[in-house]
Amino acid sequence: MTAAISAELFKLRTTRAPWMVAGLLVVLALVGAVLLGALLGDPGQPALEPAVLADFVRAPGRLVGGAALLLGLLLTTSEYRHRTVLTSRLAVPTGSRLVLAKLAAAALAGAVLAVAIEAIMFGGGVTVLGSHGVAVQSMAHGLPIAVASVVVVAALHAIAGAGIGELLRNPALAVGVVLGWTFIA
């Protein structure tokens, strides 16, 4: 089972699309951190206080969840698109074991992506608060729970994306169904 999971993670590491998703998410997180830092303390915006650090790390939650969902979709549907699923099925003949390996790899990839984005946002929040002379309390104000919740939610979104991708098997259809469900429901 670990060989199948490592093979799925290898597929994610060696293809362009997951790296493009991760790169775009990093850029968006950096821009978000800069914008949040620029707006803090302005009238109508949150005050500069230690509790705002939890808001910093909670801010990209939906974005990270959506990227993890897309990562899960790409993990499963790209094999059908490029017709490499036969090789995977030959390597792991039991279909349920292959799907479980894909789900585990998607969860791990989603969690790693979330940890990276949370590190960027935490660093940005610490930098902004430190530059304004606000004391940083990294274990207070629900910060560990905020970080953990974003990581868990990203892992669950990645699992959902892999499951949807395994059911639909067409990348365009899977993305269309997810976007349609998001905007309609």
Side-chain angles (χ1 to χ4, degrees), residues 8-42 44-46 48 50-79 81-82 102 105-132 134 136 138 141-162 164-165 171-183:
E8 295 299 325
L9 290 173
F10 181 74
K11 290 175 195 174
L12 276 175
R13 283 193 318 264
T14 57
T15 55
R16 277 186 311 208
W19 288 105
M20 291 170 51
V21 168
L24 180 63
L25 190 59
V26 165
V27 168
L28 289 174
L30 288 171
V31 168
V34 168
L35 288 176
L36 279 172
L39 292 175
L40 283 178
D42 288 347
Q45 298 299 323
L48 280 166
V52 82
L53 188 58
D55 294 336
F56 250 90
V57 297
R58 216 177 289 120
R62 288 185 180 177
L63 194 59
V64 171
L69 183 80
L70 183 60
L71 217 69
L73 285 172
L74 291 173
L75 179 67
T76 53
T77 60
S78 61
E79 283 194 338
R81 181 174 180 252
H82 297 293
K102 286 182 183 297
L108 188 59
V112 167
L113 183 66
V115 166
I117 298 305
E118 291 298 297
I120 290 171
M121 293 304 286
F122 180 77
V126 167
T127 303
V128 168
L129 291 177
S131 68
H132 287 90
V134 178
V136 176
S138 60
H141 306 291
L143 185 66
I145 294 172
V147 170
S149 64
V150 171
V151 171
V152 169
V153 166
L156 291 175
H157 273 83
I159 290 171
I164 292 168
L173 177 65
V175 170
V177 165
V178 167
L179 286 177
W181 179 261
T182 301
F183 291 124

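Just so we're clear, the structure is a prediction, and the values are computed from it rather than from any experiment.
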Could you list the donor-acceptor pairs under 3.5 angstrom formed between side-chain atoms of residues 143-160 and any protein atom two or more places apart in sequence or on another chain?
from   : atom 1 : to     : atom 2 : distance (Å)
Ser149 : OG     : Ile145 : O      : 3.1
Ser149 : OG     : Ala146 : O      : 2.8
His157 : ND1    : Val153 : O      : 2.8

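Of all heavy-atom pairs spanning Met121 and Ala33, the tightest one is SD-CB, 3.9 Å. Considering every non-hydrogen atom in both Leu74 and Pro18, the closest pair reads CD1-N, 4.5 Å. Minimum interatomic distance between Thr14 and Trp19 (heavy atoms only, all atoms of both residues): N-NE1, 4.5 Å. The shortest non-hydrogen separation linking Ala109 to Leu71 is CB-CD2, 3.7 Å. Between Ala67 and Leu25, the shortest heavy-atom distance links the atoms CB-CD2, 3.7 Å.
For the atom pair CG of Leu75 and CG of Leu9, the computed distance is 8.0 Å after rounding to the nearest 0.5 Å. Separation of atoms CD (Glu79) and OG1 (Thr15) is listed at 10.5 Å; rounding is to 0.5 Å. For the atom pair CG (Leu12) and CG (Leu108), the distance works out to 9.5 Å, reported to the nearest 0.5 Å. Taken from CD1 in Ile117 to CD1 in Ile120, the straight-line distance is 4.5 Å, to the nearest 0.5 Å.
Annotation: side-chain contact (heavy atoms from CB on, under 4.5 Å) contacts of Ala119 (sequence neighbours excluded): none. A search for side-chain contact (heavy atoms from CB on, under 4.5 Å) contacts involving Val128 returns Leu40, Phe56, His132, not counting sequence neighbours. Annotation: side-chain contact (heavy atoms from CB on, under 4.5 Å) contacts of Leu73 (sequence neighbours excluded): Ile164, Ala174, Val175, Val178. Listed by chain and residue number, Leu168, Leu173 satisfy the side-chain contact (heavy atoms from CB on, under 4.5 Å) test with Val177 (two or more places apart in sequence, or in another chain). Scored by the side-chain hydrogen bond (donor to acceptor under 3.5 Å, both in side chains) test, Glu8 finds Lys11, Lys102 as partners (sequence neighbours excluded).
Among pairs with a residue in residues 113-131, none fulfils side-chain hydrogen bond (donor to acceptor under 3.5 Å, both in side chains), at least two apart in sequence or across chains. Among residues at least two apart or in separate chains, salt bridge (Lys or Arg N to Asp or Glu O under 4.0 Å) pairs with a member in residues 58-75 are Asp55-Arg58.
Annotation: side chain of Pro50 is in contact with side chain of Val134 (closest heavy-atom distance under 4.5 Å). Side-chain contact check for Asp42 versus Leu39: some heavy-atom pair is nearer than 4.5 Å.
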